Amino acid sequence: MTSSTSAALLFFHVLAARNGKPSGLLIEVGAGELASVLAQAEGEPLRGLAGSLACYYPLLADAQLAAACQRAGWREMPAGALCRADERLSSDFLPPAAKWVDGNWCMAPPAKATGAQAASRAHALQMVQLVAADADTHEIETLLRRDPTLSYNLLRLVNSLGMGTGRRITSFSQALLILGRQQLRRWLNLMLFAARQNDERSAMLLARVAMRSRALELLAKSRGLDKNTQEQGFMTGMFSLLGVLFGIPLTEVLAPLALGEAVHAALLRREGDLGALLMLFETAERGDLDGVAAQLHALQIAHEEFNQAIVDAASWMQGALRESQGPSNG
């Protein structure tokens with residue numbers, strides 16, 4: 001696939017409300033021809049995003065883009081309503097007019113875990129190891145029984161997926177039968193981000209990791225990589241923020257995990273196809289769409305394919321957030 005250098009690139013930045021919960025999106029559009037971006041703005045996915053998230057386009061956006069976004073239910077970001085925070089979030093230090101928070105505040109180290117929190121973290125790390133090793137169902141069930149919070153969040157998550165079975169899922173083995181091991185592995189890993197009680201970063205980290213995971217999977221497909229590598233792309237995105245979540249070096253999180261060399265190389269050294277795709281997404285997260293364009297050219301991924309992957313990843317992230325909150329909050 002050759003890269004289309006004329007089409008404008010788009011990216012969605014997840015915004016937190018003042019309480020730290022991911023509740024909004026801000027679209028960013030780079031330089032270039034707007035036709036494909038306008039077509040996507042008129043499509044159903046962007047309308048769907050605006051259905052459950054507060055969706056904004058920037059002040060002084062292109063008039064055509066602004067009009068297309070408005071028709072999809074997106075609004076102009078009010079002056080003074082957005083602020084940036086790169087340290088631990090505290091509403092006491094936010095400008096009074098600020099309604100939305102951008103920035104890397106959720107990447108700050110977590111508060112020191114003590115007592116029950118430390119035990120829960122140990123169980124969560126064990127869960128990562130078991131899932132990565134494709135462990136026996138009984139082993140995972142045993143660990144879930146030791147930590148009621150993990151067990152509760154898993155069953156709440158699976159039941160909120162609405163699998164059409166007409167019955168309530170009450171055990172891990174039932175969930176495995178219905179979802180299948182590959183899908184359940186994805187949700188178990190996502191659940192680790194959703195289940196971090198007393199950590200104001202966890203919901204935003206869940207939003208970020210959901211977008212990363214799905215985008216890397218789709219971009220691996222655009223790159224022409226096989227199905228197994230596409231799945232590895234998803235897991236690369238998923239594991240990329242575990243060190244941040246637990247507040248320990250990623251090398252320590254990965255050391256006991258039975259991950260393939262391609263995933264290890266991507267996560268620790270940004271090497272190989274998966275490492276290049278992870279760097280690509282990190283560049284987009286920083287708002288460097290010129291840098292994204294250069295990397296897409298090297299990867300031979302068309303701008304339109306990148307844009308579609310970002311739209312699809314945002315929709316998938318939206319679903320992950322809704323399902324992690326359970327049906328009462330969806």
Side-chain angles (χ1 to χ4, degrees), residues 1-18 22-85 94-104 204 207-208 211 214-215 218-219 222 280-297 301-319 321:
M1 183 67 64
T2 58
S3 176
S4 168
T5 56
S6 60
L9 293 170
L10 67 80
F11 191 75
F12 300 122
H13 297 279
V14 184
L15 304 179
R18 291 180 68 93
S23 307
L25 288 177
L26 178 67
I27 189 172
E28 179 181 8
V29 178
E33 209 280 314
L34 281 174
S36 64
V37 174
L38 293 173
Q40 283 175 314
E42 299 283 5
E44 190 57 37
L46 261 67
R47 296 178 189 276
L49 288 171
S52 64
L53 294 169
C55 293
Y56 293 96
Y57 57 89
L59 286 166
L60 306 177
D62 174 88
Q64 281 185 293
L65 176 64
C69 287
Q70 286 173 6
R71 288 192 291 273
W74 292 53
R75 294 168 284 174
E76 183 178 67
M77 176 62 71
L82 179 65
C83 70
R84 183 176 180 91
L94 295 177
K99 185 177 180 181
W100 301 104
V101 185
D102 193 7
N104 291 320
M204 182 59 76
R208 285 203 176 188
M211 270 201 73
R214 182 61 173 153
L218 294 170
L219 290 168
S222 295
L280 173 71
F281 196 82
E282 289 171 330
T283 302
E285 287 180 323
R286 292 194 298 270
D288 180 9
L289 294 186
D290 289 340
V292 169
Q295 292 175 53
L296 288 174
H297 180 73
I301 297 175
H303 288 203
E304 294 88 349
E305 288 185 292
F306 175 83
N307 290 348
Q308 188 60 55
I310 295 305
V311 172
D312 289 349
S315 296
W316 198 86
M317 176 270 293
Q318 177 189 41
L321 286 176

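In this text the structure is predicted, and so the values were computed from the model without any measurement.
Not one N or O on the side chain of Arg71 forms a donor-acceptor pair closer than 3.5 Å with the backbone of Glu42. Listed for the Trp74 side chain is a donor-acceptor partner under 3.5 Å among the backbone atoms of Leu46. Of the possible donor and acceptor atoms, none in the side chain of Arg214 sits under 3.5 Å from a partner among the backbone N and O of Ala309.
The aromatic rings of Phe306 and Phe11 lie parallel to each other, their planes meeting at an angle below 30°, with 60° marking the opposite boundary.
Here CE of Met211 is found 5.0 Å from CD1 of Ile310. Values are rounded to the nearest 0.5 Å. A distance of 10.5 Å separates CG in Leu280 from CD in Glu285, rounded to the nearest 0.5 Å.
Contact detail for Pro45 and Val311: the closest heavy-atom pair is CB-CG1, 3.5 Å. Closest non-hydrogen pair, Leu94 versus Cys83, comes out as CD2-SG, 3.6 Å. In terms of heavy atoms, Ala16 sits closest to Met204 at CB-CE, 3.3 Å. Across every non-hydrogen atom of Ala79 and Leu59, the tightest pair is CA-CD1, 3.8 Å. Between Pro22 and Leu321 the shortest heavy-atom distance is CG-CD2, 3.9 Å. Taking every heavy atom of both residues into account, His303 and Ala7 meet most closely at ND1-O, 2.7 Å.
A side chain to side chain contact (heavy atoms under 4.5 Å, CB included) with Glu28 is found for exactly one of Leu10, Leu289, Leu9, namely Leu289. No option in Leu25, Leu82, Val101 other than Leu82 meets the side chain to side chain contact (heavy atoms under 4.5 Å, CB included) test with Leu15.
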Test log, rule side chain to side chain contact (heavy atoms under 4.5 Å, CB included), inputs Tyr57 and Met77: CA-CA 6 Å; Tyr57 57 89; Met77 176 62 71; over 6 Å; no
Steps toward side chain to side chain contact (heavy atoms under 4.5 Å, CB included) verdict (Asn104, Arg208): CA-CA 11 Å; Asn104 291 320; Arg208 285 203 176 188; 3.0 Å; yes
Donor-acceptor contacts, no H, no angles, side chain residues 29-40, under 3.5 Å, sequence neighbours left out:
from  : atom 1 : to     : atom 2 : distance (Å)
Glu33 : OE1    : Ala35  : N      : 3.0
Glu33 : OE2    : Ala35  : N      : 3.2
Gln40 : NE2    : Gln308 : OE1    : 3.2

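Contact check for Met317 versus Phe12: no side-chain heavy atoms found under the 4.5 Å cut-off. Using a 4.5 Å cut-off on side-chain heavy atoms (C-beta onward), Leu49 and Gln318 make contact.
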